[in-house]
Amino acid sequence: MPVDTSPRTTTWTHVEGEWLPGNPPLIGPTSHAMWLASMVFDGARWFDGIAPDLDLHCQRVNRSAVNMGLKPIKTAEEIESLAWEGIKKFDGKTPIYIKPMYWGEHGSPGSVVSVDAESTRFALCLFEAPMGGHSGSSLTVSPFRRPSPETATTDAKAGGLYPNSGRAIAEARSRGFDNALMRDLNGNVAETASSNIFMVKDGVVFTPVANRTFLAGITRARVMGLLGQAGFDVREVTLSVEDFMNADEIFTSGNYSKIVGVNRLDGRDFEDGPVTRKALDLYMDWANGRSHSHSGE
C-alpha cells in the first residue's frame with residue numbers, strides 16, 4: 001500500500017511565485033538535495049498574533065544557505081513579507097511553524113557531490129503545529145555526539161545534521177526519556193537533540209559556550225538577553241554532564257516550544273524552578289509587548 005504523502009496538518013507552501021496547498025512534489029530523484037542533502041532551513045513561529053524574531057530567522061536561513069554553498073535567491077525582507085502573506089491563509093487561531101528552505105537541484109560541473117550554487121531553489125512552507133507544554137521534559141545523556149565544524153556543516157541549519165539528532169532521540173526514548181543530552185567530541189555538554197540548554201546553580205544561569213558544534217539559537221540569545229536585563233548573572237561557559245547533574249534547575253530553549261523545564265536528567269529529578277518560570281515569563285512578556293505584531297497591511 002503506498003504511503004500517504006499528504007501533510008498531517010493544514011499546510012501552505014510558496015514556491016516560484018504561487019501558494020500551493022498540501023505537500024507539493026518539489027524534489028525529484030535526481031535533485032541534489034534528494035540524494036546528497038544540500039538543504040538548509042529555518043523555523044520561526046506564529047502564535048497569538050505574533051511571530052517573535054521572524055526577521056532574525058529569515059536572515060539566518062540566508063546565512064545557512066551561503067555556508068552550505070548555496071545562493072540565497074530571496075532577501076530576508078522578502079521572506080518575511082511572504083511569511084505574513086502566508087499566515088493569512090490560516091484560521092488565525094492555531095499556532096504555525098514557518099519554514100523557509102533552500103536546496104540545490106544540481107551538482108557542480110566536474111563533481112556531482114558538490115552542489116551547483118546557481119541551481120539553488122527556494123520554498124517557504126507554513127503548517128499548523130501546536131506549541132506544546134513548557135515543563136516536564138526528561139533527558140538522558142546520549143551515547144551519540146555533536147560533530148565539530150571540521151566534520152560537518154555545523155554553521156548552517158542543515159537538514160543533513162538532523163538524522164544524528166533523530167537517532168539520539170530514538171535511543172533516549174527507547175530507555176524511557178523524552179530527549180537526549182548531547183555532548184561535543186570533547187565530552188562537554190552542547191545541547192539536547194532538538195534544543196539549546198541552560199542550567200541554574202546558586203542563582204547563576206549557565207549555558208554551554210557557543211563553540212560551533214551546535215547552533216546557538218535565536219531563542220537562546222533572546223532568553224540570555226532578557227535574563228541579563230532582568231538582573232540575572234548569565235554566563236556562557238564550558239559545562240560537563242556533572243555540572244548539569246549538580247544544577248538546581250535545568251531548562252531548554254528553542255523556537256518550537258520556546259522555554260521548557262526539565263524534570264529529570266538520568267537518575268536525578270528536578271523541580272520546575274523559579275528561574276525557569278521567570279525565563280518563560282520574560283520571553284512571553286517580551287514577545288507580546290514589544291513589536292512583532294503585524295496587521296498584514
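Start at 1 with the first residue, then count along the sequence.
- Side-chain rings of Tyr162 and Phe41 approach one another, their centers coming within less than 6.0 Å.
- Phe127 places none of its side-chain heavy atoms less than 4.5 Å from the side chain of Arg8.
- In this structure, the side chains of Met101 and Cys125 come closer than 4.5 Å at one or more pairs of heavy atoms.
- No more than 12 heavy atoms of other residues, nucleotides or ligands lie within 6.0 Å of NZ in Lys278, so this atom counts as exposed by the packing criterion.
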Run Asp184 and Asn211 through side chain to side chain donor-acceptor pair (under 3.5 Å) and show every step you take. CA-CA 9 Å; Asp184 61 22; Asn211 62 3; 3.0 Å; yes
Take Val237 and Val209, measure what side-chain contact (heavy atoms from CB on, under 4.5 Å) needs, and give me the verdict at the end. CA-CA 5 Å; Val237 297; Val209 66; 5.7 Å; no
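- The aromatic rings of His14 and Trp19 lie perpendicular to each other, with more than 60° between the two planes, well past the 30° mark.
- A donor-acceptor pair under 3.5 Å links the side-chain atoms of Arg277 to the main chain of Asp272, judged by distance alone.
- Applying the salt bridge (Lys or Arg N to Asp or Glu O under 4.0 Å) test to Arg173 and every residue at least two apart in sequence or in another chain returns nothing.
- Remark: Glu118 CD to Ile73 CD1 distance equals 10.5 Å, nearest 0.5 Å.
- Rounding to the nearest 0.5 Å places CG of Asn179 at 11.5 Å from CG of Leu265.
- Partners of Glu249 according to the salt bridge (Lys or Arg N to Asp or Glu O under 4.0 Å) rule, which considers only residues two or more places apart in sequence or in another chain, do not exist here.
- With a 4.5 Å cut-off on side-chain heavy atoms, Asn263 and Asp269 do not count as touching.
- When hydrophobic clusters are built by joining Ile, Leu, Val, Met, Phe, Trp and Tyr residues whose side-chain heavy atoms come closer than 4.5 Å, directly or via intermediates, Ile79 is not grouped with Ile218.
- Checking side-chain atoms of Arg146 against main-chain N and O of Arg183 turns up no donor-acceptor pair under 3.5 Å.
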Given Leu26 and Val15, is the side-chain contact (heavy atoms from CB on, under 4.5 Å) satisfied, shown in steps? CA-CA 9 Å; Leu26 299 180; Val15 61; 3.9 Å; yes
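- The hydrophobic cluster of Val3 has no other members, since no ILVMFWY side-chain heavy atom comes under 4.5 Å of it.
- In terms of the side chain to side chain donor-acceptor pair (under 3.5 Å) criterion, residue partners of Ser138 (sequence neighbours excluded) are, by chain and number, Asp178.
- Counting heavy atoms from C-beta outward, Phe198 and Val262 have side chains that stay 4.5 Å or more apart.
- Hydrophobic clustering places Leu54 together with Tyr102 (ILVMFWY residues linked when any side-chain heavy atoms are closer than 4.5 Å, directly or through intermediates).
- Checking Ser240 against Glu242 by side-chain atom types alone, no donor-acceptor pair falls below 3.5 Å.
- Linking Ile, Leu, Val, Met, Phe, Trp and Tyr residues whenever their side-chain heavy atoms come within less than 4.5 Å places Trp46 and Leu126 in a single cluster.
- Residues Leu226 and Phe251 are members of one and the same hydrophobic cluster, defined by side-chain heavy-atom contacts under 4.5 angstrom among Ile, Leu, Val, Met, Phe, Trp and Tyr.
- Contact of the Val115 side chain with the Leu70 side chain is registered, since non-hydrogen atoms from C-beta on lie closer than 4.5 Å.
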Between Asp266 and Arg264, does a salt bridge (Lys or Arg N to Asp or Glu O under 4.0 Å) hold up when you go through it step by step? CA-CA 6 Å; Asp266 282 322; Arg264 181 163 59 115; over 6 Å; no
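- Side chains of Thr219 and Asn196: no donor on one and acceptor on the other come within 3.5 Å.
- The side-chain heavy atoms of Met224 and Glu236, taken from C-beta on, include a pair separated by under 4.5 Å.
- Note: Met68 CE to Asp155 CG = 11.0 Å, rounded to the nearest 0.5 Å.
- Between the side chain of Arg45 and the backbone N or O of Ala51 there is no donor-acceptor pair closer than 3.5 Å.
- Looking at residues two or more places apart in sequence or on another chain, you find a salt bridge (Lys or Arg N to Asp or Glu O under 4.0 Å) between Glu171 and Arg175.
- For the atom pair CG (Asp116) and OG (Ser38), the distance works out to 10.0 Å, reported to the nearest 0.5 Å.
- Geometrically, Arg167 engages Phe144 in a cation-pi contact, judged by NZ or CZ lying under 6.0 Å from the ring centre and within 45° of the ring axis.
- Distance alone, capped at 3.5 Å, is enough to place a donor-acceptor pair between the His32 side chain and the Val112 backbone.
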Going through the checks in order, is the side-chain contact (heavy atoms from CB on, under 4.5 Å) test met by Met182 and Arg145? CA-CA 6 Å; Met182 299 191 74; Arg145 303 287 182 99; 5.9 Å; no
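- Considering only residues two or more places apart in sequence or on other chains, Arg63 meets the salt bridge (Lys or Arg N to Asp or Glu O under 4.0 Å) condition with none of them.
- One N or O on the side chain of Thr192 and one on the backbone of Ser195 form a donor-acceptor pair closer than 3.5 Å.
- Side-chain polar atoms of Ser108 and Ser111 form no donor-acceptor pair below 3.5 angstrom.
- With 3.5 Å as the limit, one finds a donor-acceptor pair spanning the side chains of Asp91 and Thr94.
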Checking side-chain contact (heavy atoms from CB on, under 4.5 Å) for the pair Val204/Phe232: CA distance, chi angles, key distance, verdict? CA-CA 7 Å; Val204 179; Phe232 288 89; over 6 Å; no
Passes salt bridge (Lys or Arg N to Asp or Glu O under 4.0 Å), Lys99 versus Asp42? Steps please. CA-CA 5 Å; Lys99 182 177 63 171; Asp42 218 288; over 6 Å; no
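- Tyr97 and Phe90 are not part of a single hydrophobic cluster, where members link through side-chain heavy atoms under 4.5 Å apart.
- Between the side chain of Thr276 and the backbone N or O of Gly261 there is no donor-acceptor pair closer than 3.5 Å.
- Met284 CE to Leu280 CG: the interatomic distance, rounded to the nearest 0.5 Å, is 5.5 Å.
- In this structure a side-chain-to-backbone donor-acceptor pair under 3.5 Å is present from Arg268 to Ala247.
- Of the possible polar contacts, one joining the Ser165 side chain to the Ala193 backbone as a donor-acceptor pair under 3.5 Å is found.
- Between Asn23 and Thr11, every side-chain heavy-atom pair lies at or beyond the 4.5 Å cut-off.
- Rounding to the nearest 0.5 angstrom, the gap separating the CG atom in Asn62 from the CD atom in Glu78 is 9.5 Å.
- Closest approach of Arg220 to Ala210, counting heavy atoms only: NH2-N, 3.9 Å.
- Side-chain contact between Asn188 and Leu239 is absent, with no heavy-atom pair separated by less than 4.5 Å.
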